[in-house]
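A short worksheet on the structure shown next.
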Amino acid sequence: MKASSYYMPTLRQAPAEADLPSHRLLLRGGFIRQVSAGVFAFLPLGLRVLRKVEKIIREEMNRAGAIEVHMPVLSPSEIWEKTGRWFDYGPLMLRVEDRSGRWFALGPTHEEVITSLLARDVGSYKQLPVNLYQIQVKFRDELRPRAGLIRGREFFMKDAYSFDVDRDGLDRAYDMMYEAYRRIFARLSLPTVIVEAEGGVIGGSDTREFMLPSESGEDTILICDNCDYRTNAECAYSRKPEPVKERNALTNRELVETPGMTTIEQVSEFLGCSADQLVKTLLYYADGRFVAALVRGDRELNELKLQVALGAGELRMATPEEILELTGAPVGFSGPVGLRDEIYIIADHEIAAMTEFAVGANRADAHLVGVDWGKDFRVDEWADLRQVVHGDPCPRCEEGYLSMHRAIELGHLFKLGTKYSEPLGAVVDTPGGEQVPVVMGCYGIGVSRCVAAIVENGHDEDGIIWPLAVAPFQVVVLSLERDEEVARRAEELAVALEEAGWEVLLDDREERPGVKFKDADLVGFPFQVVVGKRLKSEGVVEVRCRKDRQERVVAPHGVATALAEMAKGT
RNA sequence: CGGGGCGUAGCUCAGCUUGGUCAGAGCGCAUGGUUUGGGACCAUGAGGCCGGCGGUUCGAAUCCGCCCGCCCCGACCA
């Protein structure tokens with residue numbers, strides 16, 4: 001391919017909207033262009049990378065026995081209504097109306113569609129197991145699209161769905177996908193960390209996410225420095241502390257005026273104690289009842305863990321009005337002492353180790369000090385509720401401590417069970433003649449997000465450093481001389497390399513050498529073959545590796561060999 | 001959705017406070033010339049309803065209102 005007739009508009013300066021390295025470099029290198037917030041066009045170079053990522057995913061999915069299909073972007077509202085997600089998805093789902101007033105979703109995911117299809121055509125266990133996947137565009141009207149390809153409203157996803165007659169089959173399908181994902185990310189040169197994740201209330205066990213540690217990530221993961229505990233922070237366990245053995249028999253509860261002090265910082269400063277001697281009370285509305293969730297003052301409540309502990313489908317904070325009505329006090333002064341009986345009190349297990357602490361008094365501008373659980377208020381349920389943080393002891397081993405990292409979620413493995421097969425009627429006959437809903441798993445990879453992640457993981461101040469496997473072209477031949485003879489030999493070399501199986505871009509543009517060097521570094525071709533004046537004077541060209549800047553000087557006929565050897569080393 | 005910021009040439013931005021030689025710069029682009037191993041130089045030129053609509057005014061890129069778009073932070077932490 002000749003650069004002179006190709007389309008790779010590079011930019012000297014990144015557009016102002018780009019912040020992260022991947023966003024900036026993909027724009028500058030002429031890989032993508034933004035069309036709207038969270039909506040991107042893939043230019044030729046970007047599409048080549050995307051296709052290569054897809055190809056690797058496709059090969060490994062096929063190898064793992066999954067079979068490719070293609071589902072429509074448009075799916076009718078009726079099938080979403082069967083699972084309740086036409087409502088549950090809320091504004092995240094983009095919807096369109098056709099001319100006759102029927103509503104369609106622009107698919108944010110495809111469980112409903114694939115399960116409906118399967119329900120229609122599969123009726124016997126003999127047709128299972130099957131694992132169907134597609135690589136397709138998805139639409140999600142995100143709260144806030146950001147970071148270029150990392151969180152878009154329209155993006156490419158590989159989504160696979162396994163169907164089995166029983167739980168054992170699901171486990172096998174899941175394991176196959178697990179191994180396939182390991183191979184995929186290895187081939188993409190993405191050093192992912194596999195973490196435990198929370199699948200929500202219905203999710204059940206064995207939800208895993210493939211995370212790329214990166215400052216640009218939106219997720220937080222925790223890694224034990226001693227054992228193999230690796231988890232998404234949203235579902236990290238905390239180690240249960242030893243409860244206090246000796247409890248003061250005396251009640252020394254005391255009301256303290258705390259005018260206008262609604263934050264933990266204000267109260268602890270005023271009382272002259274540290275935040276971990278306070279207990280904060282958070283009021284929630286969960287499936288029709290009000291719940292008071294208690295955590296230590298210096299902790300943050302993990303809402304997902306609360307939801308799981310309560311087994312709640314719906315969970316939201318109580319409004320300021322509700323808090324006033326329930327406690328008689330404005331926001332900032334809620335406490336567990338004297339709460340109405342109908343309010344369920346769930347406390348973080350860390351509080352079991354506390355004694356004589358301070359809480360809100362359920363009265364404006366007042367707190368109670370010297371409070372003890374059990375004595376001053378009841379606890380209906382103990383649970384692990386708090387957010388786990390950097391430096392916490394590992395809940396799984398004795399010696400380890402957890403470190404916290406930002407990460408980009410690239411892949412997700414999920415056991416669905418019969419969540420979709422039941423409402424959509426995907427039922428098969430078992431050998432015994434019994435009818436059972438099929439047991440499903442789903443497995444996603446953010447394909448376009450992977451492209452961004454590869455850049456986040458591989459760049460320097462000069463530009464992108466593509467792994468060989470996904471580079472838009474593996475080799476760029478820089479034809480630097482205006483001399484016709486040299487230019488002709490550069491072209492011959494490019495052709496020869498193509499014939500040797502390399503993907504080559506010949507930079508034959510009418511540009512000065514500096515421009516070509518800068519663009520080659522920016523775009524990030526793994527190898528640069530420099531054909532310049534040394535060809536005429538010494539009969540040699542230079543072969544350079546973008547990643548480690550290694551260079552070999554060889555005769556033109558030796559380039560293919562040099563490339564092959566250097567490629568082995570990368 | 002809340003908070004903040006920003007919309008002026010293809011890109012990066014100045015001008016706005018104090019309305020009137022205010023349609024500007026650099027890069028990019030076109031043409032000519034000189035250059036040619038790490039984003040060259042000179043000359044000439046093209047390119048903008050100053051995001052949109054409305055208002056104030058003799059006069060608006062500039063002041064006011066509404067709308068649209070884009071970016072960042074947050075979106076329960078008492």
Side-chain angles (χ1 to χ4, degrees), chain A residues 9-20 23-24 27-28 30 33-39 90-92 141-148 151 218 258 260-268 275 278-286 292-304 306-307 315-320 322-324 327 329-335 348 358-362 364-365 367 385-387 462-463 478-483 486-487 507 509-522 528 530-537 541-542 544 549 551:
Chain A
T10 54
L11 301 171
R12 287 197 182 206
Q13 286 170 295
E17 72 262 16
D19 217 22
L20 298 185
H23 193 190
R24 221 172 42 235
L27 286 169
R28 281 194 61 207
R33 288 291 181 262
Q34 182 160 336
V35 174
S36 179
V39 181
L92 190 62
D141 196 5
E142 295 285 351
L143 280 158
R144 189 158 78 86
R146 59 177 286 275
R151 182 168 296 275
E218 299 179 291
T258 52
M261 297 174 193
T262 59
T263 66
I264 290 290
E265 295 75 47
Q266 289 168 337
V267 174
S268 61
L278 271 58
V279 165
K280 59 184 173 188
T281 304
L282 308 166
L283 289 162
Y284 279 86
Y285 179 81
L294 273 45
V295 291
R296 208 171 78 183
D298 60 328
R299 301 299 192 187
E300 292 193 0
L301 179 84
N302 181 321
E303 200 171 78
L304 200 57
L306 175 63
Q307 188 172 13
L315 183 74
R316 63 161 174 83
M317 286 228 80
T319 64
E322 288 167 344
I323 290 173
L324 185 64
T327 69
V331 172
F333 300 98
S334 302
D348 183 71
V359 298
N362 293 324
D365 300 328
H367 281 75
L385 298 179
R386 75 172 173 93
Q387 196 76 48
D462 295 318
L478 303 177
S479 180
L480 299 186
E481 289 294 301
R482 300 180 70 82
D483 182 285
V486 177
D507 195 348
R509 295 175 301 171
E510 303 253 337
E511 293 285 356
R512 294 164 57 85
V515 174
K516 297 185 182 183
F517 284 127
K518 288 289 185 189
D519 272 349
D521 286 349
L522 172 64
Q528 305 172 359
V530 184
V531 182
K533 58 189 175 196
R534 291 179 74 180
L535 180 61
K536 233 177 171 177
S537 58
V541 300
E542 292 138 43
R544 297 177 174 177
R549 301 290 188 188
E551 178 176 306

Roughly, in whole Å, what's the span from [atom1] in [X] to [atom2] in [N]?
{"X": "A:D348", "N": "B:C77", "atom1": "CG", "atom2": "C1'", "value": "14 Å"}
{"X": "A:R24", "N": "B:C71", "atom1": "CZ", "atom2": "C1'", "value": "14 Å"}
{"X": "A:R509", "N": "B:C29", "atom1": "CZ", "atom2": "C1'", "value": "15 Å"}
{"X": "A:E510", "N": "B:U35", "atom1": "CD", "atom2": "C1'", "value": "14 Å"}
{"X": "A:Q307", "N": "B:C77", "atom1": "CD", "atom2": "C1'", "value": "17 Å"}
{"X": "A:F517", "N": "B:U36", "atom1": "CZ", "atom2": "P", "value": "15 Å"}
{"X": "A:D519", "N": "B:G37", "atom1": "CG", "atom2": "P", "value": "17 Å"}
{"X": "A:E142", "N": "B:G74", "atom1": "CD", "atom2": "P", "value": "15 Å"}

Reckon [X] has a side-chain N or O less than 4.0 Å from the OP1 or OP2 of [N]?
{"X": "A:R144", "N": "B:C72", "value": "yes"}
{"X": "A:R482", "N": "B:U36", "value": "no"}
{"X": "A:K533", "N": "B:G37", "value": "yes"}
{"X": "A:R512", "N": "B:U35", "value": "no"}
{"X": "A:R146", "N": "B:C73", "value": "yes"}
{"X": "A:S36", "N": "B:C70", "value": "yes"}

Exercise. Is there a donor N/O on one and an acceptor N/O on the other, under 3.5 Å, for the side chain of A:R28 and the base of B:G28?
Worked result: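 Flag unset: no donor-acceptor pair detected.
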
For this session: For nucleotides B:G48 and B:A23, find the distance between their C1' atoms and express it as a whole number of Å.
Result: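 Pairwise C1' distance, B:G48 against B:A23, rounds to 8 Å.
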
Check nucleotides 5-11 of chain B for protein N or O atoms closer than 3.5 Å to its own N or O atoms and list the pairs.
unit_1, atom_1, unit_2, atom_2, d
B:C11, O2', A:Q13, O, 3.3

Exercise. Counting only Watson-Crick or G-U wobble pairs whose two distances fall under 3.5 Å, which nucleotide matches B:U56?
Worked result: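 Paired with B:U56, as far as the under-3.5 Å criterion goes, is no nucleotide at all.
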
Exercise. Are A:K533 and A:E481 side-chain neighbours, meaning at least one heavy-atom pair lies under 4.5 Å?
Worked result: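 Yes. Closest side-chain heavy atoms under 4.5 Å.
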
Go through [options] for me and flag the one nearest to the [X] side chain.
{"X": "A:R544", "options": "B:C77, B:G39, B:G38", "answer": "B:G38"}
{"X": "A:E300", "options": "B:C71, B:C77, B:G37", "answer": "B:C77"}
{"X": "A:P513", "options": "B:A75, B:C72, B:U36", "answer": "B:U36"}

Problem set entry | Nearest heavy-atom neighbours spanning A:G532 and A:L480 |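 Closest pair (atom of A:G532, atom of A:L480, distance): CA-CB, 4.3 Å.
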
Problem set entry | Heavy-atom pair with the smallest gap, counting every atom of A:P145 and A:G38 |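 Looking at all heavy atoms of both residues, the shortest contact is CB-CA, 3.7 Å.
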
Problem set entry | Toward the 5' end of RNA chain B, by each residue's nearest nucleotide, A:E551 or A:N302 |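 Taking each residue's closest nucleotide, the earlier one in sequence belongs to A:E551.
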
Problem set entry | RNA chain B: 5'-proximal contact among A:K280 and A:G514 (nearest heavy atom) |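 It is A:G514, whose closest nucleotide lies nearer the 5' terminus.
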
Exercise. Would A:E542 and A:R534 pass as an ion pair if we require N to O under 4.0 Å?
Worked result: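 Yes.
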
